[in-house]
Protein chains: 2
Amino acid sequence: MGIGQVGAASLTQSNDAAVGELNDIVGFHIRLAHGAVYRHFVETFVDLGLTQKQVSVLWLVDELPGISQIDLGQRLRMDRATTMTIINRLQARDYVRRERSETDGRKQALYLTEAGTEALARAKQAIGEHEEWLKSRFTAEEVEKLVEMLARIHD
Amino acid sequence: MGIGQVGAASLTQSNDAAVGELNDIVGFHIRLAHGAVYRHFVETFVDLGLTQKQVSVLWLVDELPGISQIDLGQRLRMDRATTMTIINRLQARDYVRRERSETDGRKQALYLTEAGTEALARAKQAIGEHEEWLKSRFTAEEVEKLVEMLARIHD
DNA sequence: CCTAATCGTTAGTGGAGCATACAATTAGGC
DNA sequence: GCCTAATTGTATGCTCCACTAACGATTAGG
């Protein structure tokens, strides 16, 4: 699908499955793009059996060992209850363990288990493929611009 | 949050809740942005009680009366089962009705009811606010570029 | 005409997000 | 220091979305 200097309206309607005026809704495109990325992610991770959220959590716990659930949730924009269920799943698979924080009795300190570390390593491999699939349609400058614009939305 | 000519790396880490290397993952930003849009959508639509998907479906059925479920699903990137559940919900609320297609006995022809048409009208009002919230952080050129790049992902 | 494909449907699984309520712990004002 | 308020984790329950697998009805095509 060649991308030239054409208006976005005509461009994004070049597909055979037109959606009419919906095409002008930015949120609609974000949702569709997210869905496409999600589906490719699932394909790529079907062997590992990990979701986007689970990988993000493993990744962050690895970078910040001892992080609390509330801190983790805030960085990934999840509420406490959602964070709980994800940690529960990862703990059930023995990828993560909880320890009572020494400095704050309310908090749980999260750590990766060995299995979790291994799973994360494999996940990072898969993330590489996944990102390649995603980035392949953009130049480096466009990737940077895209990320910057997306960050303006979620920050 | 001022946006200047700064590299994306430092920019997107300007927030207090840093995520380290995850910041370089494009898919991660798409997911976060989608989450932010989703949350604002829910806020905006709490009175109407409609989801993004439901509004998209009402919108398309209105533009293409008599559309089949399979066609609808393809345009919105949903599989048959997912489309079913959404149509079921909209039908239960009397926003949509199914009719046997005259030209193909396998298909259902979808139409909005009067209540559905009214709901869509209110939804379009709310979409206006929602889009304004979303677009307010971009120039018109940026919006066009963003939509075009997102379309490259989901087309 | 008969087989294969398509479409809708049903049932079941799993992930994610949210609200609410509660217990334990800590922080802060007095 | 004490007491109240806030924080953190937890449990329960709800909704929504996406997918798989199977099945019946219908249509398309060799």
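No experiment lies behind these values; they were computed from the predicted model shown.
What separates CD of A:Gln54 from C1' of C:dG17 is a distance of 15 Å, to the nearest Å. At whole-Å resolution of the value, CE in A:Met84 and P in C:dC18 are 16 Å apart. When rounded to the nearest whole Å, the span between NZ of B:Lys53 and P of C:dA16 equals 16 Å. Residue B:Phe41 contributes atom CZ, which lies 13 Å from atom P of D:dC16 at whole-angstrom precision. The separation between A:His154 atom NE2 and C:dG17 atom P is 14 Å, rounded to whole Å. Regarding A:Gln52, its CD atom lies at a distance of 12 Å from the C1' atom of D:dA18, rounded to whole Å. Atom CG in A:Leu72 sits about 13 Å away from atom C1' in D:dT8, given to the nearest Å. If you take CG of A:Leu110 and P of D:dT8, they are 13 Å apart, rounded to a whole angstrom.
Under the rule for a side chain to side chain contact (heavy atoms under 4.5 Å, CB included), the partners of B:Ser136 that lie at least two apart in sequence or sit in another chain are B:Glu132. Legend: residues meeting salt bridge (Lys or Arg N to Asp or Glu O under 4.0 Å) with A:Asp104, ordered by chain and number and at least two apart, are A:Arg106. Every residue meeting the salt bridge (Lys or Arg N to Asp or Glu O under 4.0 Å) condition with A:Glu99, not counting sequence neighbours, appears here in chain and number order: A:Arg97. Taking the side chain to side chain contact (heavy atoms under 4.5 Å, CB included) definition, one finds that A:Arg39 meets it with B:Arg77, sequence neighbours left out. Among residues two or more places apart in sequence or in another chain, the side-chain hydrogen bond (donor to acceptor under 3.5 Å, both in side chains) test is passed with A:Ser101 by A:Thr103. Partners of A:Phe45 by ring pair (Phe, Tyr, Trp, His ring centres under 6.0 Å), not counting sequence neighbours, listed by chain and number: A:Phe41.
Within residues 60-70 of chain A, no residue has any heavy atom closer than 4.0 Å to DNA chain C. Heavy-atom distances under 4.0 Å link DNA chain C to A:Arg89, A:Asp104, A:Gly105, A:Arg106 of residues 87-106 of chain A, given in residue order.
Of the possible donor and acceptor atoms, one in the side chain of A:Glu131 sits under 3.5 Å from a partner among the backbone N and O of B:Gly27. With hydrogens and angles ignored, the 3.5 Å screen pairs a side-chain donor or acceptor of B:Arg137 with a backbone N or O of A:Arg152.
Using a 4.0 Å cut-off between charged side-chain N and carboxylate O, A:Glu129 and A:Lys124 make no salt bridge.
Here side chain to side chain donor-acceptor pair (under 3.5 Å) pairs that include residues 42-61 of chain A, with residues two or more places apart or in two chains, are A:His40-A:Thr44, A:Ser56-B:Arg31, A:Trp59-A:Glu63.
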Filtered N/O pairs between nucleotides 19-21 of chain D and protein, under 3.5 Å:
none

Expected list for residues 112-121 of chain A: side-chain donor-acceptor pairs under 3.5 angstrom, two or more places apart:
unit_1	atom_1	unit_2	atom_2	d
A:Thr113	OG1	A:Asp94	O	2.5
A:Thr113	OG1	A:Tyr95	O	3.4
A:Thr113	OG1	A:Ala115	N	3.4
A:Thr113	OG1	A:Gly116	N	3.0
A:Thr117	OG1	A:Thr113	O	3.0

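The closest side-chain donor-acceptor pair between A:Asn88 and A:Thr85, if any, does not fall under 3.5 angstrom.
When all heavy atoms of B:Phe138 and A:Ile153 are compared, the pair lying nearest together is CZ-CG1, 3.8 Å.
Applying side-chain hydrogen bond (donor to acceptor under 3.5 Å, both in side chains) to B:Asp71 and the options B:Arg75, B:Gln74, B:Gln69 leaves one that passes, B:Arg75.
Taking only side-chain nitrogens and oxygens, B:Thr51 never comes nearer than 4.0 Å to OP1 or OP2 of D:dT15.
Across its full length, the helix from C:dC1-D:dG30 to C:dC30-D:dG1 shows an angle of 40° between the axes of its 5 terminal pairs at either end, rounded to 10 degrees.
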